[in-house]
There are 2 protein chains.
Amino acid sequence: MKDFSEKQRNIINAAIELIAEKGIQQLTIKNLSKKIGTAEGAIYRHFDSKFEILVGILKLFRQNKDEALQNLKTKEKSSLQKIESLLSARFRQFSENPAIASVIFSEEIFQNEKSLANEVYEIMVESQKGIETIILNGQSQKQIREDISAEQLTLLITGALRLLVTQWRLSEFSFDLQTEGQKLWKSIYKIVTK
Amino acid sequence: MKDFSEKQRNIINAAIELIAEKGIQQLTIKNLSKKIGTAEGAIYRHFDSKFEILVGILKLFRQNKDEALQNLKTKEKSSLQKIESLLSARFRQFSENPAIASVIFSEEIFQNEKSLANEVYEIMVESQKGIETIILNGQSQKQIREDISAEQLTLLITGALRLLVTQWRLSEFSFDLQTEGQKLWKSIYKIVTK
DNA sequence: AAATAAAGTGAGCGCTCACTCACATATTAA
DNA sequence: TTAATATGTGAGTGAGCGCTCACTTTATTT
């Protein structure tokens, strides 16, 4: 699994932005080259096919997720603090790069190709497993209520996170995501600590 | 706003199934006519354009939502019972018609066209307003906790519902949605009643 | 400075797309 | 029964798609 060159990252970022702006159906090589400011053919010096660009987007998302989870493990924090960190890091990332917010929870984009759809699902499951593990830890340390399973709490937390981001996007970023994200965290805190 | 003819409903349902199976990019007039068993041209006797078929899908979703909310108003139930009814009705609907589950929460399908994307957002907001109203009622009757706003509780409930359905779809319907839906309701019940 | 490699260019290829239209067939009205 | 209307058919149209390739330009190595 090699890393991307600078040009490749440019192309991937432009692709994410294009999808965010116009939807997957407008992610064409022509539009992509226009966005980057090169001829169409140039793209094929860096990617074998359009498919590989989509693969690249998912690879980037997977890296982000791995980094976020890895980052937490090194720190000395309580389970609740870890969850708060994860959430606020997410909201910050999306605020700084709204295009990612528009693509990362849109599984439909990759539904065209079976192998991509599967990758999307795997990333989602792994990401939630990370949160579930933190919650399980919090439960065994009696910081998080135990009358609701870690799986269910994860579903509630992740679901709300996703929906909030989706609303932010569909409303054309009409509210401050980080502010609303903090509100959400306060609610989650009340709920998980009972 | 006229109702659809039988042929039009056939076409809309086939379109939903196609999107569910192969993604929006495979919703082509050729594939659609193959699915229905007619020639391509026949479709244009019932819809002016492919765009109008997408509009039709959204119209159907809006009708479903309106009916579900209207249905509840007539019944004599507590707020908590109403929410449970809403959720279980949803899960039943999706179990019986998985294709709808695959499309209804995939907002990016309609992202291609600004007017459609807006419609999608409106339906979402209205749907949540319905739940929020029920929760507000439950709060004023002291059946639902008041230390978390109705808006936030709606976000948590709706988010979890959506995510559960999405997981069910991405896992290729690998678990029983209604069973998991009941589990979710039990968790939600514990949370909202404190 | 010359040679080699890497990156960019854009016309053009085969293909699929949404959609049209002249015609055929089925349904309803007179 | 005939006329009128609605519906179905499928080859055809121009446009746009992903992608290729002969060629040019830029960067790197000798």
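Just so it is clear: chains get the letters A, B, ... in the order the sequence lines come, proteins before strands, and each one is counted from 1.
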Between A:Glu108 and B:Ser106, does any side-chain donor sit less than 3.5 Å from a side-chain acceptor?
-> no

Would you confirm whether the ring centroid of B:Phe94 sits within less than 6.0 angstrom of the ring centroid of B:Phe105?
-> yes

Rounding to a whole Å, what distance do you find between A:Asn10:CG and C:dA7:C1'?
-> 14 Å

Restricting both atoms to N or O, compile the protein contacts to nucleotides 25-27 of chain C shorter than 3.5 Å, with distance only.
none

Are A:Ser115 and A:Asn118 close enough that a side-chain donor and a side-chain acceptor fall under 3.5 Å?
-> no

Report yes if the side chains of B:Glu107 and B:Tyr121 come closer than 4.5 Å at any heavy-atom pair, otherwise no.
-> no

Of all the choices, C:dC23, C:dC19, C:dA7, which nucleotide is nearest to the side chain of B:Arg45 once you look at every atom?
-> C:dC23

Start and end of chain B contact along DNA chain D [non-hydrogen atoms, under 4.0 Å] | D:dT7 to D:dG10

Does the side chain of B:Leu69 reach to within under 4.5 Å of the side chain of B:Leu86, using non-hydrogen atoms?
-> yes

Side chains of B:Gln167 and A:Gln128: do they bring a donor and an acceptor to under 3.5 Å?
-> yes

Side-chain N,O (A:His46) to OP1/OP2 (C:dA6) below 4.0 Å = no

Flag for B:Gln111-A:Gln25: side-chain donor and acceptor within less than 3.5 Å = no

